[in-house]
Protein chains: 2
Amino acid sequence: MLPEQLKSIAYFQDLDARVLDRIRTRVFEVRLQKGQVLFTEGEPAQAMYVVRSGQVKIFKLSPDGREQVLRIAGPGDCFNEVPIFDEGPNPANAQTVEAAALWGIRRADMRRLVEEHPAIAIGFLKAFAGKLRYFTRKVEDLSFRSVTSRVAKLLLEMAEDDGKGGLRLKQQFTQQEMASVVGTAREMIGRAFKALEKEGAIRLDRHRVVIVSRAALARML
Amino acid sequence: MLPEQLKSIAYFQDLDARVLDRIRTRVFEVRLQKGQVLFTEGEPAQAMYVVRSGQVKIFKLSPDGREQVLRIAGPGDCFNEVPIFDEGPNPANAQTVEAAALWGIRRADMRRLVEEHPAIAIGFLKAFAGKLRYFTRKVEDLSFRSVTSRVAKLLLEMAEDDGKGGLRLKQQFTQQEMASVVGTAREMIGRAFKALEKEGAIRLDRHRVVIVSRAALARML
DNA sequence: TCCGCGGCGAGACTTAGGTCGCAGACCCCC
DNA sequence: GGGGGTCTGCGACCTAAGTCTCGCCGCGGA
């Protein structure tokens, strides 16, 4: 593992070489296949993780098996930092959406690093602040917005400029995946697509969503 | 202001007298009447606050005026700490539920204190971890539980042992207040009460909820 | 080539929850 | 003691969203 790679992690950006070196010795590697479960909610927390490649979904499960995705962690993202500071169990489940490579740092190790290097603590605080904003927005969305509006919002977040002025989706989710991100049933996603198509916001090109107009999508919020 | 009072704030618990002294000079006082708005979402953040007495509700507003309460801060609770670390605007609205007295610390002052005293940073990290858990549970509840179940949960949280083996509510909310905590319409609260009454979990003693059995309530989750 | 399986489209139906309207109870304040 | 504002209790109604059940398509493996 190269020290420059550590720099790509937001928490460690501002640290000098000596500290990075110390951290490096504490990092272990994990490789997972598509669909593998990394840990489950409620069990004692072992470590926090950083995604190097691939994608990991962080989600809650209802007693009857429904899934609510809290977020999808991609390269550079961290997850399971919370138990470092309150010694509690894992707050949610983690499972790969596609094959992934991760770095892990054990809870106690990370805790010690934070205590010894205040700069890391500030980094964590910034990151936590962002997450808190994110979750309050999520609560707001669930309680105020209709399913179609939540889907429109998700599509906006997934929209990406394809080289030449057009729009495409960063990745192709299945409808089931979108449903559990947005907190609804699979069938609703299809209906939301049709509603958005009627408004001229998207186009359905045989099983593929094409974003026609960002503005029209934004009007649906 | 007495230095012991500062100790009652979780963030400052582990600090020594010298540091507490420094903090004391930065604290300002605020007194608010019932129903007064302290700040609104989106405007530049001035300060973080600690509740000394009274209650402040932290909430989001929908475009059409519906209210979603994120939490109700009582004595000892802090709010609006997020903007300290990301320089962003206020993440929500704050308004008193009843007359309240607060301490405030300006954003930049608090930021400097945290940077100079790593112990405070750790305190904030613990508190943020707790809040993150709280909000993920809130998301979970909104997406998995029915209104009745959310109401039952709220009542359980509000339940308090009255000296002699019985149960009472910590405070009397109006149905409207409960509705915006739980994320629903006022009428639904009444219906949920009736459902819970039929299950023998509560009793409605003319406009007053009496908890009959904690176990029966828990069964409704 | 054919089969099986995961993902999708679509219609019919059910249901939880939101909306509306109004009336009675209560409470404070004048 | 009267009167307006707030809170509650319904009932009727409406609608968004969840559920169930198909049949189809497309793709990959045997």
Side-chain angles (χ1 to χ4, degrees), chain A residues 34-35 62-68 95 97-98 140-155 169 171-199 202-210 220-221, chain B residues 33-35 61-68 95 97-99 141-155 169 171-199 202-210 220-221:
Chain A
K34 174 173 173 159
S62 81
D64 53 311
R66 276 187 55 215
E67 209 174 76
Q68 169 69 53
Q95 181 179 16
V97 181
E98 52 186 51
E140 188 183 10
D141 290 348
L142 281 171
S143 103
F144 294 152
R145 313 186 101 90
S146 69
V147 169
T148 343
S149 160
R150 301 201 302 265
V151 170
K153 210 180 160 192
L154 177 61
L155 290 178
L169 294 178
Q171 59 196 288
Q172 284 296 335
F173 279 134
T174 70
Q175 296 194 350
Q176 180 54 62
E177 286 167 332
M178 287 196 173
S180 54
V181 169
V182 141
T184 187
R186 191 218 94 209
E187 292 90 326
M188 286 300 300
I189 302 291
R191 290 178 217 171
F193 282 169
K194 281 211 298 186
L196 293 174
E197 187 174 34
K198 206 163 69 187
E199 297 296 322
I202 65 173
R203 219 178 57 234
L204 293 171
D205 186 14
R206 65 205 150 84
H207 294 203
R208 200 170 230 89
V209 178
V210 183
M220 301 296 294
L221 293 185
Chain B
Q33 300 168 327
K34 172 173 177 159
L61 277 176
S62 81
D64 53 313
R66 275 187 55 216
E67 210 175 75
Q68 169 69 52
Q95 181 180 15
V97 181
E98 51 188 49
D141 290 348
L142 282 171
S143 105
F144 293 152
R145 311 187 104 91
S146 68
V147 169
T148 344
S149 161
R150 300 203 301 267
V151 170
K153 210 181 160 191
L154 177 61
L155 289 179
L169 294 178
Q171 58 195 286
Q172 285 295 336
F173 279 134
T174 70
Q175 296 194 351
Q176 181 54 63
E177 285 167 334
M178 288 198 168
S180 54
V181 168
V182 140
T184 187
R186 190 218 93 206
E187 291 89 327
M188 285 300 299
I189 300 292
R191 290 179 217 173
F193 282 169
K194 281 211 296 186
L196 293 173
E197 187 173 34
K198 206 162 68 187
E199 297 296 322
I202 64 174
R203 221 179 55 236
L204 292 171
D205 185 15
R206 66 201 151 87
H207 294 202
R208 200 171 229 89
V209 179
V210 182
M220 301 296 294
L221 292 186

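All values reported here derive from a predicted model rather than from experimental measurement. Protein chains get the first letters and strands the later ones, always in sequence-line order, with residue 1 at the start of each.
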Donor-acceptor pair, side chain of B/R150 and main chain of B/R145, under 3.5 angstrom: yes

If you only use heavy atoms from C-beta on, which nucleotide in D/dG18, C/dG17, C/dC26 is closest to the side chain of B/S146? C/dG17

Rounded off to whole Å, could you give me the CZ-to-C1' distance for the A/R145 and D/dA17 pair? 17 Å

I need the CD-P distance between A/Q172 and D/dC27, as an integer number of Å. 13 Å

By the definition side-chain contact (heavy atoms from CB on, under 4.5 Å), identify the one residue from A/L221, A/I189, A/L196 that meets it with A/T148. A/L196

Check whether any side-chain nitrogen or oxygen of B/T174 sits under 4.0 Å from OP1 or OP2 of D/dT6, and answer yes or no. no

Drop me the distance from A/F193's CZ to A/M178's CE, to the nearest 0.5 angstrom. 4.5 Å

What is the distance, rounded to the nearest whole Å, between atom CG of B/L142 and atom P of C/dA16? 18 Å

Can you check whether B/K194 has a side-chain N or O nearer than 4.0 Å to OP1 or OP2 of D/dC10? no

Could you tell me the separation between the CD atom of A/Q176 and the P atom of D/dT19, rounded to a whole number of Å? 11 Å

d(CE, B/M188; C1', C/dT15) in whole Å: 11 Å

For the side chain of A/E187 and the base of D/dC20, is some donor closer than 3.5 Å to an acceptor across the two? yes

Can you say whether a donor on the side chain of A/R186 sits under 3.5 Å from an acceptor on the base of C/dG9, or the other way round? yes

In this structure, how many angstroms lie between the P atom of C/dT19 and the CD atom of B/Q175, rounded? 16 Å

Rounded to whole Å, the NE2-C1' distance (B/H207 to C/dA25) equals 6 Å

Report yes if the side chains of B/E177 and B/V97 come closer than 4.5 Å at any heavy-atom pair, otherwise no. yes

Length of the line joining A/R191:CZ and C/dG11:C1', which is rounded to integer Å: 9 Å

